[in-house]
Amino acid sequence: MATALYFLLFGATLGCWTSRIPAIKAELGLSDGELSLALLAFAVGAIAGMLGLGRLVDRWGSFRVLVPTALLEGVLLGPTAFMPTLASLMAALFVFGLVHGTLNIAMNANGMEVQRAWGRPVVTSFHAVYSIGGFLGAAAGGVFAHRDVSPEATFAAVGAVVLALALWAIAWTLRAEAGPPAAADLEPSAGRRRGGPQLTGLLLLGGLAMCTLVGEGTAADWSAVYLHESLGSTPAFAAAAFAAFSVAMTVGRLLGDGLAARCGPVRLVRGCGVLASAGMIAALLIGHPVAAVVGFACLGAGMSCIAPQVYMAAAQRDPARTGAALSLVVSLGYVGFLVGPLVIGAVSTVTGLPTALGIPAVLILLVVVGASSLRPPPRGAEATA
C-alpha cells in the first residue's frame, strides 16, 4: 500500500501541474513558443534524473532514493508557480523534472522488490494507481481553477498533501537495501563478455517501451484534434476520445496482474498489442467519430499492460543493476512519449492526420513481434547475475 501511494502521489503531482499550465502561461504572459521551452526544461530534467540519478538505486537501495525524492516532489511543486520570469520558470521546472525522473526510477525499482517479496504479479496495479493519481491531480487542479484559486495556492495545498502522505508512507515502505555488487564490478573481464548482449537486450526493451509510449503521447496530444478537425465532431465529443483512452488504460492495468499471472508476460503483451493495433487501424479505416472513440479505447486497453511488463523484464535482467536497467529503458520510453507526437504532427502535414495516426498502430505491431524478449531469464542465469 505504501509503494502504491508513492505511485499515486507521483501521478497526482504531475496531473495537478499540467492542469494549471494555462494559468501559469497567462500570469507570465508567455507565448506558445516560450511555454514550449519551459516544458522542454522539465522534460530534459526528467530524462537527466532517469539516466543519471536513477542509477543511485543500485548503490543505495530503492528505499534511500525513493523517500527523499518523494518528499522533494511535494516541496518542489510549489516554487514552479512563483517564478517571475521564463528563465526562472525553466530553472524551477528543470529541478522539478530532475527529482520527478529520479522518483520514477526509484518507485518502479521498489515496486519490483515488492513484487518479488509478494510472490505474484503486482507491478501493473501500481501503474494503474499512477493513472488514478494523474486523474485526481488534474481534477483537484480543475476544481481550484474553477474557484479562481491561484496556481500558487493550488500548488501549495497539493504539495502539502503530497508531502504529508509521503511522510506517512515512510514507516510502511519496503526497506530493500542495495543488492550485492554485480559480477561486472567484481570481474571486469566477465563484465566485458556479458556487457554487449546485456546492453543489447536492454536497448531492445527500451525500443519496445519507446514504441509503446509513442501511442500514449499521440493519444494525449492528437485524439481530440483528430475527432474535431478530421471527423467534424463537436469539441465536447472530441474530448471523449482521450477520456475513453484513459479509462480503458486504467481498467486494463487494474486487470493486468491477474492476466500476467495467468498468461505470462509474452502472451499478455502480444494479445494487448494486437488489440491496440487492430482497434486503432479499424477506427481509422471507418472514419466515424464513434468508431474513433472506440478505437482510442482499444488503444488504451491494449497499451495498458505493455509498459509495466517491459519495465519488469528490464529489472529481471540483472537484479544487482535494477536501477541502471530501469534508467535506460524508462528513459527511452519517455523519449518516445515526447518525440512521438512531434513526429505525428510533422507527418500529418504531408499525409494528413488520419494517415499519420496509423504510425502508433504500426509501432505497436513491432512490439508484438519483439515480445519474446520479455521472457524472464533462466533461474540459473539470474543467480549468476
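A quick note: this is a predicted structure, and the numbers were derived from the prediction, not measured. In what follows, every heavy atom counts, from backbone to side chain, and hydrogens, waters and symmetry copies are set aside.
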Is it true that a side-chain atom of [X] and a backbone atom of [Y] form a donor plus acceptor pair closer than 3.5 Å?
X    : Y    : value
D58  : A324 : yes
R55  : L51  : yes
W60  : V65  : no
Q309 : I306 : no
S327 : M50  : yes
Q115 : V123 : yes

Closest approach of [X] to [Y] (non-hydrogen atoms, all atoms of both residues):
X    : Y    : value
P79  : V75  : CD-O, 3.2 Å
G29  : E34  : O-OE1, 4.0 Å
L275 : G302 : CD2-N, 4.0 Å

Hey, what's the ring geometry for F155 with W17, parallel, tilted or perpendicular (30° and 60° as the breaks)?
-> tilted
Specify whether F42 and F96 have parallel, tilted or perpendicular ring planes, treating 30° as the upper limit for parallel and 60° as the lower limit for perpendicular.
-> tilted
Donor-acceptor contacts under 3.5 Å from residues 210-220 side chains, at least two apart:
unit_1, atom_1, unit_2, atom_2, d
T212, OG1, L208, O, 2.8
T218, OG1, V214, O, 2.7

Atom pair [atom1] ([X]) and [atom2] ([Y]), whose distance is rounded to the nearest 0.5 Å:
X    : Y    : atom1 : atom2 : answer
C305 : L255 : SG    : CG    : 7.5 Å
R175 : T173 : CZ    : OG1   : 6.5 Å
L71  : L165 : CG    : CG    : 11.0 Å
I364 : I359 : CD1   : CD1   : 13.0 Å
D257 : T124 : CG    : OG1   : 4.5 Å
L353 : W222 : CG    : CH2   : 6.0 Å

For residues 305-338, the ring-ring contact (aromatic ring centres under 6.0 Å, His included) pairs (sequence neighbours left out) are H127-Y311
Return all side-chain donor-acceptor pairs below 3.5 angstrom for residues 277-292, not counting sequence neighbours, or 'none' if the list is empty.
unit_1, atom_1, unit_2, atom_2, d
S277, OG, A361, O, 2.9
H288, ND1, V290, N, 3.1

In residues 226-245, what donor-acceptor pairs under 3.5 Å come from side-chain atoms, sequence neighbours left out?
unit_1, atom_1, unit_2, atom_2, d
H228, ND1, S233, O, 2.8
S233, OG, L227, O, 2.9
T234, OG1, F237, N, 3.2

Please identify each residue that fulfils side-chain contact (heavy atoms from CB on, under 4.5 Å) with W168, with sequence neighbours left out.
-> L5, W172
Close side-chain approach of [X] to [Y], heavy-atom, < 4.5 Å:
X    : Y    : answer
L199 : L328 : yes
L8   : Y130 : no
V95  : L72  : no
T154 : C16  : yes
L299 : S223 : no

Name all residues meeting the side chain to side chain donor-acceptor pair (under 3.5 Å) criterion together with [X]; count only those two or more places apart in sequence or in a different chain, and write none if there are none.
X    : value
S131 : R253
T85  : S88
T3   : N110

If you look only at pairs with a residue in residues 5-30, which of them pass as a salt bridge (Lys or Arg N to Asp or Glu O under 4.0 Å), with sequence neighbours excluded?
-> K25-D32
After noting the C-alpha distance and the side-chain angles of V158 and T13, does the key distance pass the side chain to side chain contact (heavy atoms under 4.5 Å, CB included) rule?
-> CA-CA 7 Å; V158 173; T13 305; 5.6 Å; no
Under the 4.5 Å side-chain heavy-atom rule for ILVMFWY, direct or indirect, which residues accompany V368?
-> V274
Is there any side chain to side chain donor-acceptor pair (under 3.5 Å) pair reaching into residues 338-354, and which pairs are they, with sequence neighbours excluded?
-> none
Sequence neighbours left out, cut at 3.5 Å: what donor-acceptor pairs do the side chains of residues 132-151 make with other protein atoms?
unit_1, atom_1, unit_2, atom_2, d
S150, OG, E152, OE1, 3.4
S150, OG, A153, N, 3.2

